[in-house]
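Okay, so here's the structure we're looking at.
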Amino acid sequence: MTVATLLPYGRQTIEDDDVAAIAAALRADHLTTGPTVARFETAFAQATGAAHAVASNSGTAALHLAALALDLGPGDAAVVPSVTFLATANAVRMTGAEVVFADVDPDTGLLTAEALRAGIARGRDKGWRVRAAFPVHMNGQVCDMAALADVAVPGGLRLVEDACHALGVADIGACRYSAAAAFSTHPVKAIATGEGGVTTTADAAMAQRMAELRSHGMVRDPARFADREAGFDDGVANPWYYEMPEFGWNYRLPDILCALGLSQLPKLAKFQARRRAIAKLYDELLAPLAPVLRPVPHGQAPHGWHLYAVLVDYAGLGTTRRRFMEALRAQGIGSQVHYAPVHAQPYYARRYGALDLPGAAAYSGRCLSIPFYPALGDGDVRRVAQTLARLVGMAAFA
Ligand SMILES: Cc1ncc(COP(=O)(O)O)c(C=O)c1O
């Protein structure tokens, strides 16, 4: 029997010119912070409609920088949907602020205005200053930002979009309703730099602060030196001198990876077009499998098509998710769960106790991401759909 090569649920698309871009960066003067960082940031801002873009070394760092720039800290709290990657909640905790886990829509996995309102109330009941919310554009679906802002703004909250799944969707990055948007350039994302992240904002002061926090909080502008004696010699700024007015991190994205990002960014539209075409084909091929297996409903709204997720009624099929995933794997088809509810992670369950979030349980209990990336061929898509149809056609799993 020939074993088919495994189709992963997602993967990067690296072409020869990407490799050449990295090679050129390796031969250049700067391996770490050189001119390519600013070039990548400018290109990223253009691609997302952002006024400012600050590159960092992960989507997690991009979220953390945004949380820091909002001055979140002990005594504060931020609302985070429970269906997300650990990073969204962890970025809040890294500041010392508490996380209020909110429920999500059971079919889309998205934070809703009602769930945000309930989260704010729950956080305030605990005595926390609920100062921010981090909606997540799950799978590339776009949250109803206007509706979330209608709840957040009167409540005095700032919004930070976790846009790690949503690079290339409409003008996400322009931050029309939010203080900032955080992106990831991890390999399975819309473009890849290996590890990498970018925070966009419309606020110039916030962008500058995030850029400083990314590098230990260092400031080299003589106009801001507090120690005049150390900073100046005969009234002239010391060229070697810098100051650290506030505590920061090393979240720098090196020139080498910015070069890869610069090479990948112009391909975003091409990648998105292919993702849309694959999604359309999956939609058609999988439609007959409803209701036991159906795509996460995605309507007409702009969609980033980061992941293609289906909702499966495993019990109705007489199976479990493990057995279903193993049956797919036996046919060379990878799949993954995005995501188990974060509030139930042992760390968070210990910290905040058990929470009843039925939407999160319903979404997480059924979701499954199936192979989805630009290099996936139509033949692969058909094979995945046929395999799913065969599995769903089985009354019970052995
Ligand atoms: C929704 C979401 N938020 C945040 C992150 C964190 O990004 P990174 O892995 O680049 O730190 C990810 C990445 O997997 C993600 O999917």
Side-chain angles (χ1 to χ4, degrees), residues 8-12 40 44 48 53-68 78-95 99 101-102 104-105 108-111 132-143 145 148 159-169 172-173 178 180-200 210 214 249-254 257-258 260-261 264 275 296 303-309 336-343 345 348 360 363-364 367-369 372-373:
Y9 76 84
R11 63 161 293 136
Q12 69 277 17
F40 176 56
F44 198 95
T48 55
V54 178
S56 55
N57 56 16
S58 70
T60 309
L63 286 162
H64 187 203
L65 289 172
L68 290 166
V79 177
V80 173
S82 184
V83 173
T84 184
F85 183 53
L86 306 170
T88 326
N90 290 353
V92 173
R93 280 298 299 136
M94 285 176 201
T95 67
V99 178
F101 286 104
V104 297
D105 180 280
T108 63
L110 295 177
L111 178 68
F134 286 59
V136 179
H137 300 308
M138 209 32 229
N139 303 332
Q141 306 163 101
V142 177
C143 295
M145 290 302 296
L148 294 177
L159 293 174
V160 173
E161 295 170 78
D162 182 333
C164 289
H165 292 192
L167 173 58
V169 198
I172 292 206
S178 64
F183 297 86
S184 165
T185 50
H186 180 272
V188 297
K189 303 297 194 294
I191 64 160
T193 63
E195 299 285 359
V198 182
T199 317
T200 64
M210 290 192 291
R214 157 181 77 182
W249 280 257
N250 177 353
Y251 278 166
R252 297 186 299 264
L253 186 67
L257 299 185
C258 288
L260 178 55
Q264 289 259 297
R275 285 175 180 274
V296 168
H303 198 303
W305 288 120
H306 166 54
L307 297 170
Y308 192 96
Q336 184 54 290
V337 176
H338 298 97
Y339 296 95
V342 182
H343 74 267
Q345 290 292 342
Y348 285 113
Y363 183 87
S364 293
C367 67
L368 194 68
S369 302
F372 190 62
Y373 45 91

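Counting convention: from 1, in listed order, for ligands and their atoms alike. What you see below is based on every heavy atom in this structure, not just the backbone, and it leaves out hydrogens, waters and symmetry mates.
Using a distance-only test at 3.5 Å, with no hydrogens or angles considered, no donor-acceptor pair links the side chain of Arg93 to the main chain of Val99.
Just one of Leu65, Asn250, Leu253 meets the side chain to side chain contact (heavy atoms under 4.5 Å, CB included) condition when paired with Ser56; it is Leu65. For the pairing with His338, the side chain to side chain contact (heavy atoms under 4.5 Å, CB included) check across Leu307, Val83, Leu368 returns one residue only, Leu307. For the side chain to side chain contact (heavy atoms under 4.5 Å, CB included) criterion with Val136, the lone passing option out of Val104, Thr88, Leu110 is Thr88.
Separation of atoms CG (Leu111) and CE (Met138) is listed at 12.5 Å; rounding is to 0.5 Å.
For ligand 1, the atoms lying closer than 4.0 Å to a non-hydrogen atom of Ala87 are 4 (C), 5 (C), 6 (C). Shown in contact with Lys189 at under 4.0 Å from a heavy atom are these atoms of ligand 1, numbered in order with element: 12 (C), 13 (C), 14 (O), 16 (O). Listed by number with element, the atoms of ligand 1 under 4.0 angstrom from any heavy atom of Thr60 are 6 (C), 7 (O), 8 (P), 11 (O). Taking every non-hydrogen atom of Gly196 and a distance limit under 4.0 Å, the qualifying atoms of ligand 1 come out as 10 (O).
At under 3.5 Å, a nitrogen or oxygen of Ser184, whether backbone or side chain, sits near a nitrogen or oxygen of ligand 1. In terms of polar-atom proximity, Thr185 is not counted as a contact of ligand 1, lacking any N or O under 3.5 Å from an N or O of the ligand. Polar contact check, Gly59 against ligand 1: a nitrogen or oxygen pair lies under 3.5 Å apart. Between His165 and ligand 1, at least one N/O pair is under 3.5 Å apart.
In this structure, atom 3 (N) of ligand 1 lies nearest to the protein heavy atom Asp162 OD2, 2.7 Å.
For Cys164, every heavy-atom contact with ligand 1 shorter than 4.0 Å involves the side chain, none the backbone. When heavy-atom distances to ligand 1 are checked against a 4.0 Å cut-off, Phe134 has no atom that comes that close, whether in backbone or side chain.
Side-chain N/O atoms of Glu161 and Ser178 include a donor and acceptor closer than 3.5 Å.
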With side-chain contact (heavy atoms from CB on, under 4.5 Å) as the criterion, how do Leu167 and Phe44 come out once you've worked through the C-alpha distance, each side chain's angles and the decisive distance to 0.1 Å? CA-CA 10 Å; Leu167 173 58; Phe44 198 95; 3.6 Å; yes
For side-chain contact (heavy atoms from CB on, under 4.5 Å), just list the numbers for Gln264 and Thr185, CA-CA rounded to whole Å, side-chain angles, deciding distance to a tenth of an Å, and then say yes or no. CA-CA 10 Å; Gln264 289 259 297; Thr185 50; over 6 Å; no
